[in-house]
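Here is the naming used below: chain letters follow the sequence lines, and residue numbers restart at 1 for every chain.
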Amino acid sequence: MITKMGALSVGITAPHLSHGDVRSEPYKIRKRKVETDVLVVGGGTAGVVAAIQAGRAGHSVTLLECQSQLGGTTSTAGVAFPGIFFAWGKQIISGIGWEMVQEAVALNGDSLPNFSIPHGRQHWRHQVRLNGPLYSIIIEQKCIEAGVQIRFYETPTSMVFKKDHWLVETVGKGIHAEIKCKQIIDCSGNAYAAAVAGFDLLREKETQPGTLMFQIGGYDFEKLDLEMIKEEYEKAIKNGELVRAEMRGNIVGLLKNAGDNIQHIAEADSTTSESHTMANIRGRESLLKHLKFLRRLPGCENTKIIEMRTETGVRETYRIDGLYKITHEDYVSGKVFDDSVSYSYYPIDLHIIEHGVTPKHLTDGVVATVPLRALIPKNSRNFIVAGRCLSSDRLANSALRVQASCMGMGQAAAVASVLAIQKGISPAEVPIEEIKSTIKKYGGIVPGA
Amino acid sequence: MNAFQCYYIGIICSYIFMYLTGSFPIEQNIRYVHDKSIELPVKQIYKEIIELEEEYSTDTLYLCLSDTGIPLYFYRDIITSVCFDNVCRPLDVKLLWNPTGRYLGFELENDEFLSKYEHEPFTNEEYIKLHNILSNPNLPLGNVSFNEVVKTSSNIAQGIDGISGATSKDLSDYVVEGAAYTTHKMYKIIYGQTQDIIRELTHQFKGPDFINLLMNSENFYDKIWTMEFIRGQLKLYPEVKSQIIELISSDNYSLSEKAINVLIAEDFENEELQVTVMGNFKKFDYGRRNWLIQLLKDTKTIAPETINYLNSEIFDMEIPLVVEILKIYKKNKIKNETSLQIATKLAESTNAYLSGLANDYLVFVKDN
């Protein structure tokens, strides 16, 4: 008893330090002041290209990425098959994006698809399968090599334009930074920086669903009784156990593709931590429900999750209200504008929660283009966007949003930003011919050139 | 006896051999076969028992070889059943593949024929349609299982043709009407596991004569496949070197890309090859130039002609390539006067990234 009391007494009065421990003051949020020429918000498909381009043009670049790795959709969301770089037998997207893909393919010992043979209705045959983790490392190294200062886990909270520069506040893990920059390139995919900066945005009443990429296994598809499975699936939908739209009403497709890019999560939105949290939870919950359902079926008893991405990928949220809005008609007619700075080639690919997706292919020879004005928010200065949040109507955006197109935009946006810095003007004021010739000087492809 | 006579004697011998082995295409046989990559007489036939995940766990794959052991084609005798209204008849079809895995065709021997719903035999047009379908490796048929081809509610594992349900709407363009299951079954065998096994077996025949013959094939796919096959191993196939160099400059992107990717840095140590390939540098797009510059970057020796060429073109090149060239110069300790003059000029660039790398090279040369 005495011994016990003694021990207790020591516990109350003495510090709980084990051998080797050092008492530390409570952690304080650290303040940082950063000065940079170009601030790129978002290290996804477009942002990485934009940051490398700005760095290679000799400017200081800071890249904010709210996640832990670069690559966005390609790496974190797991859509590691970017496309489309070739249209009708001709390359339409090159430059930094293509260079990154080339290197990832070579280092993984992979081969490129045969671009000489038209893809017909199977456009995915011209998408390039990448090793996502490898790609993520390669692009990170390319950023570092170009002098880009990467800041992971950080996101802007305010942006104020003062005469000829921006003052941006960001928060990250244990960090509160004040960044002074000359130009901002919003590659957040959600027009997040544009929103923080106060520019008007566009959003559809119903946005396209998101997808949590995963892989399942543990069954032999060839031996499954698909009709029985379909009947059971219908019953599960009817009794409320499953939601039809979540696997596009295609339980056979889920099993045949062993997961992959099939799930549809309604209103998945990665704009804020709250909305993205919800999208992630719903994506995983849906997978779990389907897994439990499958494991009850003959032939599927051993179904298991082989792999799952860390977050639900998002197709559509906000777009900027730009100096020009690319329309569906512009896209499907392959309109070339005086200020077209990059190509885009993909079927109109609108994922609709009730109806799945039916890609509408462009007619032979048609390749759409991206005018610089679609990257610049109305009433903005020293601000440009690249990626899926460009100014476009919903149908055009469903094709413009894909990775190769975003890479092309990323390079063009950075060229415009950097030339604007050099001239002390805004991107919209840079002579378009100078932008075009500079894109080519850095390996990019310009429409009509 | 001259070569011409030898050739014809060879053909006669091979016909006798084929007759004896039962592979002689007798007149009444139905036969739809594409040109092979290598049209030489068959002198030997090897049997390979293969493990399959299809309805038969094992089967025999036949490999036909020339007198010098060059693979000419593979075939399998597919014996399965096709049933209509629970009445079944055996299907005996010979499927042929090129050594590259490309589908060649099918043969029906001994009065065998293909039939559709209600036992109606295929017409000539339907045989041609079937052959065309089977010749296209990119059809959606390859991605569906047979239980998806027809909308069946039962008997799905018993080899049933169209009778038990309508052909799935999405696939109707890709099957012979009334013979969906037959079409699909043949397609899946052609582009399934057997194709992979054939390609694997072909890897055992990497002799220079074989590769040379494949590279001389008129078939685009065979050329592409062969270049991927010999990737990184050009030194083993000196006979095709000039052809690879020629294909690098092809107007067809894929031929050019595959030819470039045959090369590894070690190949670029052959000065003649390096200089010839780099001589066409200007006509390539950025991506292909980048591949060649990466080869140079990893090559131990840069030919003086290459350096002269790079020096003469550097100011017209894309900035990322200029940067890579400066790194190459530094790595290879190039102290050529023109190169140094160029670097000095680049060091004055307003592009701090470029000027920094040029300075880096100049300082390195000065210190070494």
Side-chain angles (χ1 to χ4, degrees), chain A residues 37 52-60 85-86 89-91 93-96 98-99 101-103 105-106 109 111-122 125 142 145-147 220-231 252-253 255-257 418 422 438 440-445, chain B residues 53-55 136-140 142-148 151-154 156-157 165 170 173 188 220-221 224-225 227-228 231-232 250-258 261 264 285-291 294 316-323 327 349-357:
Chain A
D37 287 344
I52 294 171
Q53 172 59 41
R56 285 180 179 178
H59 288 265
S60 55
F85 297 89
F86 286 72
K90 200 178 145 196
Q91 187 160 15
I93 307 284
S94 183
I96 295 166
W98 183 241
E99 186 190 312
V101 168
Q102 277 182 307
E103 205 165 319
V105 167
S111 295
L112 289 170
N114 187 345
F115 297 116
S116 310
I117 297 173
H119 54 63
R121 280 192 277 164
Q122 297 164 293
R125 282 181 26 226
K142 281 197 177 285
E145 200 273 335
D220 182 349
F221 181 74
E222 294 287 334
K223 290 181 181 160
L224 296 179
D225 182 344
L226 300 181
E227 290 305 314
M228 177 275 295
I229 290 172
K230 281 195 264 186
E231 280 170 27
V252 171
L255 288 162
K256 187 170 72 179
N257 298 319
V418 160
Q422 289 164 7
T438 308
K440 285 192 276 180
K441 191 72 188 155
Y442 283 84
I445 294 175
Chain B
E53 290 163 6
E54 296 163 9
E55 64 186 70
N136 187 343
N138 299 313
L139 295 182
N143 298 323
V144 296
S145 69
F146 83 88
N147 48 5
E148 291 174 281
K151 292 170 181 168
T152 59
S153 56
S154 60
I156 54 166
D170 295 342
D173 291 346
K188 290 293 267 191
F220 174 82
Y221 167 84
I224 294 276
W225 187 87
M227 286 192 279
E228 288 190 343
R231 198 171 173 178
S250 169
D251 289 335
N252 180 295
Y253 182 86
S254 287
L255 282 175
S256 171
E257 176 260 305
K258 300 295 175 203
N261 282 307
I264 53 174
D285 51 68
Y286 172 69
R288 280 179 282 183
R289 289 184 198 201
N290 186 42
W291 268 316
Q294 295 309 317
D316 290 329
M317 287 187 198
E318 293 87 351
I319 301 296
L321 300 182
V322 174
V323 164
K327 290 178 186 170
S349 167
T350 51
N351 179 337
Y353 175 69
L354 184 58
S355 63
L357 285 160

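Note on A:Tyr442, A:Trp98, A:Phe115: by heavy-atom pairs under 4.5 Å with chain B, the leading option is A:Tyr442. Counting heavy-atom pairs closer than 4.5 Å to chain A, the top residue among B:Ser254, B:Gly356, B:Ser355 is B:Ser254. Of the listed residues (A:Arg125, A:Gln91, A:Gln102), the greatest number of heavy-atom pairs within a distance under 4.5 Å of chain B belongs to A:Gln102.
In this structure, chain A has a heavy atom under 4.5 Å from the side chain of B:Ile224, while its backbone stays farther away. Heavy-atom distances place no part of A:Gln53 under 4.5 Å from chain B, backbone and side chain included. Heavy atoms closer than 4.5 Å to chain A are found nowhere in B:Arg289, neither backbone nor side chain. The part of B:Phe220 that comes within reach of chain A is its side chain, from C-beta onward, which places non-hydrogen atoms under 4.5 angstrom from that chain. Contacts between B:Asp285 and chain A at a heavy-atom distance below 4.5 Å involve the side chain alone, from C-beta outward. Residue B:Ile264 does not touch chain A at all, counting heavy-atom pairs closer than 4.5 Å. There is no contact between A:Gln422 and chain B, counting heavy-atom distances below 4.5 Å.
Scanning both residues, B:Asn252 and A:Ser116, for their nearest heavy atoms gives OD1-OG, 2.7 Å. Closest heavy-atom contact between B:Glu318 and A:Lys440: CG-O, 3.6 Å.
The CD atom of B:Glu257 lies 7.5 Å from the OG atom of A:Ser111; values are rounded to the nearest 0.5 Å. Within the model, atoms CH2 of B:Trp225 and CG of A:Asn114 stand 15.0 Å from one another, a figure rounded to the nearest 0.5 Å.
Evaluation of the salt bridge (Lys or Arg N to Asp or Glu O under 4.0 Å) rule for A:Lys441 yields no partner, not counting sequence neighbours. Evaluation of the salt bridge (Lys or Arg N to Asp or Glu O under 4.0 Å) rule for A:Glu99 yields A:Arg56, A:Lys142 as partners, not counting sequence neighbours.
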